[in-house]
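Accompanying notes for the structure given below.
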Protein chains: 4
Amino acid sequence: MATDRAAGRPRDRRTHEAIVSATEEMIMLHGYAGTSINAIASRAGVGKDAIYRRWPGKPELVYEALFARVDTGPVPDTGTLAGDVAQLTQALVDEFATPAATAALPGLLADFAADPALRTRLRSAFLAPARARMVEIFDRAGARGEIAGTAQVDLILDTLAGAVFFHVGLMGEPRTAELAAQLADIVTTGIGTR
Amino acid sequence: MATDRAAGRPRDRRTHEAIVSATEEMIMLHGYAGTSINAIASRAGVGKDAIYRRWPGKPELVYEALFARVDTGPVPDTGTLAGDVAQLTQALVDEFATPAATAALPGLLADFAADPALRTRLRSAFLAPARARMVEIFDRAGARGEIAGTAQVDLILDTLAGAVFFHVGLMGEPRTAELAAQLADIVTTGIGTR
Amino acid sequence: MATDRAAGRPRDRRTHEAIVSATEEMIMLHGYAGTSINAIASRAGVGKDAIYRRWPGKPELVYEALFARVDTGPVPDTGTLAGDVAQLTQALVDEFATPAATAALPGLLADFAADPALRTRLRSAFLAPARARMVEIFDRAGARGEIAGTAQVDLILDTLAGAVFFHVGLMGEPRTAELAAQLADIVTTGIGTR
Amino acid sequence: MATDRAAGRPRDRRTHEAIVSATEEMIMLHGYAGTSINAIASRAGVGKDAIYRRWPGKPELVYEALFARVDTGPVPDTGTLAGDVAQLTQALVDEFATPAATAALPGLLADFAADPALRTRLRSAFLAPARARMVEIFDRAGARGEIAGTAQVDLILDTLAGAVFFHVGLMGEPRTAELAAQLADIVTTGIGTR
DNA sequence: GCTTAACCGAGACGGTACGTCTCGTCTTATC
DNA sequence: GATAAGACGAGACGTACCGTCTCGGTTAAGC
């Protein structure tokens with residue numbers, strides 16, 4: 001019976017964690033552009049090779065350090081499309097509007113968009129959990145008869161994510177408690193009805 | 001009697017234009033990150049100082065080369081809020097979803113967001129024309145009784161701009177003819193009515 | 001009574017040979033500087049530790065792989081000092097002017113000279129066999145009355161070795177068949193008499 | 001009439017000198033292998049580019065810093081070949097057996113020998129002044145009838161230089177006052193006559 | 001036949017140097 | 001004083017080796 005075990009000395013889990021932690025700290029302290037691989041390695045007490053062995057470059061490392069959390073929460077199910085969208089939007093706010101995300105996202109998205117290899121992963125990297133939930137939410141809404149036909153999930157999701165990113169991440173508007181509700185309201189019932 | 005005329009040799013207007021043109025070309029050819037001040041100067045047949053004398057850095061230069069067009073078109077006035085918003089959204093698409101803008105915006109917005117001095121100018125730099133129009137549109141809609149109370153202009157504008165930027169600029173979705181109409185529809189009448 | 005036998009698994013003789021062979025090949029193919037321990041280990045199908053267990057570093061390994069041949073030939077005895085020196089010089093040419101030696105010697109001597117621990121072994125490592133022979137040759141020449149007093153063996157040997165190394169090893173002069181005879185002639189009878 | 005003057009800011013002579021001085025000091029303090037371009041730049045208070053703008057790499061820089069002195073002394077003319085060779089040999093000792101040369105030469109010659117582009121320059125770089133003098137010395141000796149036929153200048157020069165390098169530079173033998181005279185004696189009158 | 005200890009291939013580890021690139025400033029001679 | 005050219009100090013980039021270490025596994029000698 002062959003083993004799956006890779007040959008050679010196994011990678012040290014603590015090295016991985018030290019790099020990820022140092023990355024997170026550097027981003028919070030000095031922003032995305034002010035964070036260099038050298039500085040991360042130095043702060044983590046690690047050689048540069050230990051980083052390049054695991055990640056191809058800064059974008060992938062920062063992405064994993066800040067955004068690769070597996071989303072395990074339950075899918076919203078409030079009984080109405082408006083309520084479900086509001087909860088999902090709140091999740092987007094929670095993901096995109098944290099101090100660390102605000103510090104990293106503009107530069108990180110720019111690097112992802114600039115590299116052809118990363119560009120294809122943009123949606124799956126940053127919106128995958130939200131998208132799966134949104135599909136389910138709209139399926140249920142369709143079953144209830146709330147909406148007719150096929151909803152444009154990607155466009156609506158991009159609208160919500162873009163709104164959060166632009167409003168809080170770029171423009172730096174204070175993240176008011178009602179933001180998610182207002183955004184959800186806009187896309188579900190429209191401006192005119194408020 | 002003092003003259004406004006600066007002492008010494010006046011700046012050459014063609015130098016300015018050569019720099020702006022070279023910047024535009026470089027951005028289209030090599031993207032934002034692949035465009036260096038050195039390369040712009042070289043392509044424009046100009047010294048680096050001629051650039052730094054006019055702009056503090058790459059972000060300001062690229063911004064002026066690609067986005068500082070004065071918007072002189074008439075404010076939309078279709079008679080309905082929905083129609084006006086649709087036209088305004090189309091203007092946003094025209095501005096944010098061109099090939100040059102797609103190539104420059106992610107990196108440019110990242111640089112603006114990273115620099116405290118530029119950060120404060122984000123809204124005025126990229127959304128100023130649209131914002132003035134939107135205020136007028138909503139004022140008229142309020143006068144017609146279409147909406148009640150004060151509309152949250154900035155949030156709605158960020159939503160529209162964020163949607164365009166995220167959907168086309170980052171995710172690379174095709175810029176379809178109906179995009180502006182669909183987006184305007186989402187924010188004015190909501191998802192449910194489609 | 002303790003045995004000299006080391007505990008544990010004995011070293012594999014084939015590992016040793018594979019390393020030495022790979023070293024020789026790498027030196028011939030890529031030169032001294034272009035030969036890394038990593039590459040030797042890889043070519044030999046061996047782990048790096050198998051090398052470092054046997055040699056402290058690249059200089060010692062390359063030295064053993066290329067120069068540690070035991071010299072078992074007979075001491076020259078032609079009846080005249082000139083004849084004996086000619087034969088001994090030929091042996092130096094044979095040792096220093098081979099393709100492998102030419103590829104390795106400059107870098108190898110530099111590493112030996114740079115490391116204090118190796119520096120003391122320079123003469124014994126590279127000139128030991130020739131020196132022993134030379135002492136005998138000069139003893140016989142003194143007994144025959146060919147020379148008077150104590151000959152400066154080291155200086156003469158360094159002159160011969162330096163000449164071979166400089167002329168062929170560094171300057172890359174073609175190794176003509178008469179080289180050894182000419183050199184021996186120079187140091188025994190002087191320039192003027194040719 | 002066009003000027004030969006290069007465009008742009010001229011290179012600062014003091015930068016050049018600072019680099020050369022720092023190189024000399026580093027070599028004396030830490031040897032050839034222990035001298036990095038980074039450390040030279042740092043000690044000279046200079047950016048790395050200022051070095052790479054002037055020299056292709058460490059070998060060329062160190063060569064210029066330590067050996068590129070123009071030899072302006074008069075050609076020896078003592079009236080005898082032996083006397084002239086003795087003086088020329090003394091010049092070789094003066095060049096090759098200084099502390100700085102001893103620290104740099106082994107590694108420097110190895111780097112020159114390893115690089116095809118530098119290899120061709122070995123003789124002209126390190127032996128040019130001595131060779132021109134030797135040709136003249138031998139010409140005069142021929143005119144005086146001291147020697148017959150064509151002397152093998154390169155071989156004799158390599159022998160002398162190799163002897164000095166090997167004896168003092170590599171083996172670390174003390175550089176005695178009589179060294180040059182002894183070497184010259186060996187090559188001119190042979191071992192036997194001493 | 002079990003234990004023990006050094007060997008083995010593989011490759012991760014913290015460091016260090018490399019040579020290239022870009023940044024924004026500065027220093028020339030020329031216009 | 002603006003200009004084109006390009007030198008300048010600084011420092012990040014990603015690559016290559018260094019010599020050590022840590023795995024799972026192998027191979028003999030000594031009990």
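Chain naming here is simple, since letters A, B, ... match the order of the sequence lines and numbering starts at 1 in each.
- Side chain of Ser21(B) to backbone of Ala18(B): no donor-acceptor contact under 3.5 angstrom is found.
- The CH2 atom of Trp55(A) sits 15 Å away from the P atom of dC13(F) (whole-angstrom rounding).
- Counting to the nearest Å, the P atom of dA16(F) and the CE atom of Met26(C) are 14 Å from each other.
- Side-chain N/O atoms of Arg9(C) and base N/O atoms of dC7(E) include a donor-acceptor pair closer than 3.5 Å.
- The residue Arg54(C) sits close only to the backbone: its heavy atoms come under 4.0 Å of sugar-phosphate atoms, none of a base.
- Comparing dG14(E), dC23(F), dC7(E) against the side chain of Arg11(C) picks out dC7(E) as the nearest.
- DNA chain F is contacted by both Ile37(A) and Ser36(C); Ile37(A) maps to the nucleotide lying nearer its 5′ end (nearest heavy atom per residue).
- Annotation: the span from Tyr32(B) atom OH to Lys58(B) atom NZ amounts to 5.0 Å, rounded to 0.5 Å.
- Among the nucleotides dC8(F), dC8(E), dC13(F), the one closest to any side-chain atom of Thr15(D) is dC8(F).
- The CG atom of Leu122(A) sits 8.0 Å away from atom OG1 of Thr120(A), with the distance rounded to the nearest 0.5 Å.
- Side-chain atoms of Asp49(A) and base atoms of dC13(E) include no donor and acceptor less than 3.5 Å apart.
- For the pair Leu118(B) and Pro59(B), the minimum side-chain heavy-atom distance is below 4.5 Å.
- Each of Gly47(A) and Gly47(C) was matched to the nucleotide of DNA chain E holding its nearest heavy atom; the match closer to the 5' end belongs to Gly47(C).
- Side chains of Trp55(B) and Tyr63(B) form no contact here, defined as non-hydrogen atoms less than 4.5 Å apart.
- Between Arg53(B) and dT3(F) there is a side-chain polar atom (N or O) within less than 4.0 angstrom of OP1 or OP2.
- In this structure, a donor-acceptor pair under 3.5 Å is absent between the side chains of Glu25(D) and His30(D).
- Whole-Å rounding puts the Asn38(C) CG to dG9(E) P distance at 14 Å.
- Remark: P of dT27(E) and CZ of Arg13(D) are 16 Å apart, rounded to the nearest angstrom.
- To the nearest angstrom, P of dT16(E) lies 14 Å from NE2 of His30(D).
- The base of dG11(E) lies outside donor-acceptor range of the side chain of Lys48(C), with no N or O pair under 3.5 Å.
- Listed by residue number, the members of residues 57-67 of chain C with any heavy atom below 4.0 angstrom from DNA chain E form an empty set.
- The CG atom of Leu108(B) sits 7.5 Å away from atom CG of Leu66(B), with the distance rounded to the nearest 0.5 Å.
- Sequence order on DNA chain F of the closest nucleotides to Ala44(B) and Ala39(A) puts Ala44(B) first from the 5' end.
- In this structure, Asp111(B) places its CG atom 15 Å from P of dT22(E), rounding to the nearest Å.
- Ile40(D) has its CD1 atom 8 Å from the P atom of dC18(E), to the nearest Å.
- The separation between Arg14(D) atom CZ and dG9(F) atom P is 10 Å, rounded to whole Å.
- Between Thr35(B) and Tyr52(D), the one whose closest nucleotide on DNA chain E sits nearer the 5' end is Tyr52(D).
- Proximity of Leu29(B) to Arg43(B): side-chain heavy atoms (C-beta onward) are separated by under 4.5 Å at one or more points.
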